[in-house]
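Worksheet: one structure, shown below.
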Protein chains: 2
Amino acid sequence: MARPTKSDDPRRSILEAARALIVEEGHEKVSLRAVAAAAGFSPASLYEYFDSREDLLKTLAGEASNRLGATLLKAADKGKTPAAALVEVGLAYVDFAREHREDFLLLFGRLESARQSFSESVPSASPYSVVMNGVREALGAAGRRATQATVEQVSYVLWAAAHGMAMLQVTHLHGFDADFRAADRTGLQALVRGLDLAD
Amino acid sequence: MARPTKSDDPRRSILEAARALIVEEGHEKVSLRAVAAAAGFSPASLYEYFDSREDLLKTLAGEASNRLGATLLKAADKGKTPAAALVEVGLAYVDFAREHREDFLLLFGRLESARQSFSESVPSASPYSVVMNGVREALGAAGRRATQATVEQVSYVLWAAAHGMAMLQVTHLHGFDADFRAADRTGLQALVRGLDLAD
DNA sequence: GCTTATTCCTAACAGTGTTCGGGAAGGACG
DNA sequence: CGTCCTTCCCGAACACTGTTAGGAATAAGC
């Protein structure tokens, strides 16, 4: 009932072209026109599939969030105890940022989308829920001796710690030669110990 | 020996005009032309005082860094013990981000400058050194029982924790209603405890 | 063979950072 | 006085950006 599309899945091929460009140049330097050219479309045609450049980036960020969530989920299984699992999740978070820098920055480095309030952005609902589930387990295992902090508070603190490590390494300490992973591990371990989650 | 300048200190008035605009709109939405108009210059004239828009923002970021450093320095005195001082510094870091959002984002929210490697950016050399001095003291006070982690490692971990909290509150959790400060305090306290710095 | 819906593009608009060339203004010097 | 030179400043343009309006091509349904 219509003119045939150039690609089997134009939306997908646009997304892939965009991601490829972003990986090499950084999302803030990738223009809509460049994406269009790489995907074999005219600039205006992208608007058939995305409301705006922001919409395109938001879609890619959503996919990145899914990848991050899956990675964290796998990491949670590696810990032999609930507390160790939390450390693994934190490390996986930072590793993800290091190894998929542009994915991470797509998620957390775009001020335009970060400026709007929480409910509209929630970019990492799924990754965050992985952390919360881990905390719930660890708090249960720690039992009485645990902090009286809530699950939300503890989850936020752990997320923030890992997020800070990731953010620094990916932005202002990028290129700085140091064994960050070792420091991250001791930091996260110290944090779960200090929160009385350790076993 | 020259034509008189429009303002006594044109560079300063440009910087102030820019900062005013940035505070209300966010640095990424402020155009050079808007700054020029607000300062009473033509767009081209700004290039008499700054190499580029980036240069202007970098200058503002430097001033923000100084303000942050001074704030942290004051906070370091509030702690009754070296360990407590570290917690205060961390809290001051996050408070600064909350209360001077645009200053903080100018420092840590501009990917363009964050993408280049460490030596060229080091935006927070002074703030960071405040943390390191605090850690040195706390490690000394803790003596033998302290972790065998280096000053740099401990400083990095503390910085990262505070930075993560600040970053999340200023970006993706912005607008979310919660008592972040309480969580931040327990988190930072737990961290210094877990690092065997507490007294 | 129409109609209708979808896909796609050309052309344009308003905005951006930046550069070029020159005008205006005043101190220094003949 | 007039000339030079330097500094300050601007208008106009360039190449780029995201976005939109309007129309052409292509196929399916009737």
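Every value quoted in this text rests on a predicted model; they were computed, and no experiment measured them. Letters A, B, ... are given to chains in the order of the sequence lines, protein chains preceding strands, and every chain is numbered from 1.
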Expressed in angstrom and rounded to an integer, what is the separation of [X] atom [atom1] from [N] atom [atom2]?
X: A:Tyr47; N: D:dA21; atom1: OH; atom2: C1'; answer: 13 Å
X: B:Leu57; N: C:dG17; atom1: CG; atom2: C1'; answer: 12 Å
X: A:Leu46; N: C:dT7; atom1: CG; atom2: C1'; answer: 13 Å
X: B:Lys29; N: D:dT17; atom1: NZ; atom2: C1'; answer: 15 Å
X: A:Phe50; N: C:dC8; atom1: CZ; atom2: P; answer: 13 Å
X: A:Glu28; N: D:dG18; atom1: CD; atom2: P; answer: 12 Å
X: B:Leu32; N: C:dT19; atom1: CG; atom2: P; answer: 11 Å
X: A:Glu54; N: D:dT17; atom1: CD; atom2: C1'; answer: 15 Å

message: So, using salt bridge (charged side-chain N to carboxylate O under 4.0 Å, His left out) as the criterion, who are the partners of A:Glu137 when residues are at least two apart?
response: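 Partners of A:Glu137 under the salt bridge (charged side-chain N to carboxylate O under 4.0 Å, His left out) test: none.
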message: Suppose we screen for salt bridge (charged side-chain N to carboxylate O under 4.0 Å, His left out). Which residues come up paired with B:Glu63, at least two apart in sequence or across chains?
response: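 Once residues adjacent in sequence are excluded, the partners of B:Glu63 under the salt bridge (charged side-chain N to carboxylate O under 4.0 Å, His left out) criterion are B:Arg12.
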- request: For the residue pair A:Gln169 and A:Asp184, confirm or rule out a side-chain donor-acceptor distance under 3.5 Å.
  value: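 On atom types as modelled, these side chains qualify, holding a pair under 3.5 Å.
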- request: Extract the stems that DNA chain D is part of, considering only consecutive pairing runs of at least three Watson-Crick or G-U wobble pairs, both distances under 3.5 Å.
  value: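 Paired runs of 3+ in DNA chain D: C:1-6 with D:25-30, C:8-22 with D:9-23, C:24-30 with D:1-7.
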- request: Can you run down the side-chain hydrogen bond (donor to acceptor under 3.5 Å, both in side chains) pairs that involve residues 39-53 of chain A, sequence neighbours left out, and say none if there aren't any?
  value: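 Qualifying pairs: A:Ser42-A:Ser45.
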- line: Letter by letter from the 5' end, nucleotides 8-16 of chain D scores (B base, S sugar-phosphate only, - none; protein heavy atoms under 4.0 Å) BBBB-B---
By side-chain contact (heavy atoms from CB on, under 4.5 Å) - contacts of [X] (at least two apart):
X: A:Ala20; result: none
X: B:Ala37; result: none
X: B:Thr81; result: B:Ala83, B:Ala84, B:Asp199

- request: For A:Phe176 and B:Tyr156, run ring pair (Phe, Tyr, Trp, His ring centres under 6.0 Å): C-alpha distance rounded to whole Å, both residues' side-chain angles, the deciding distance at 0.1 Å, then the answer.
  value: CA-CA 12 Å; A:Phe176 188 79; B:Tyr156 157 76; 9.2 Å; no
- request: Among residues two or more places apart or on two chains, list those pairs meeting ring pair (Phe, Tyr, Trp, His ring centres under 6.0 Å) that have a residue in residues 53-85 of chain A.
  value: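 Not a single pair qualifies under ring pair (Phe, Tyr, Trp, His ring centres under 6.0 Å).
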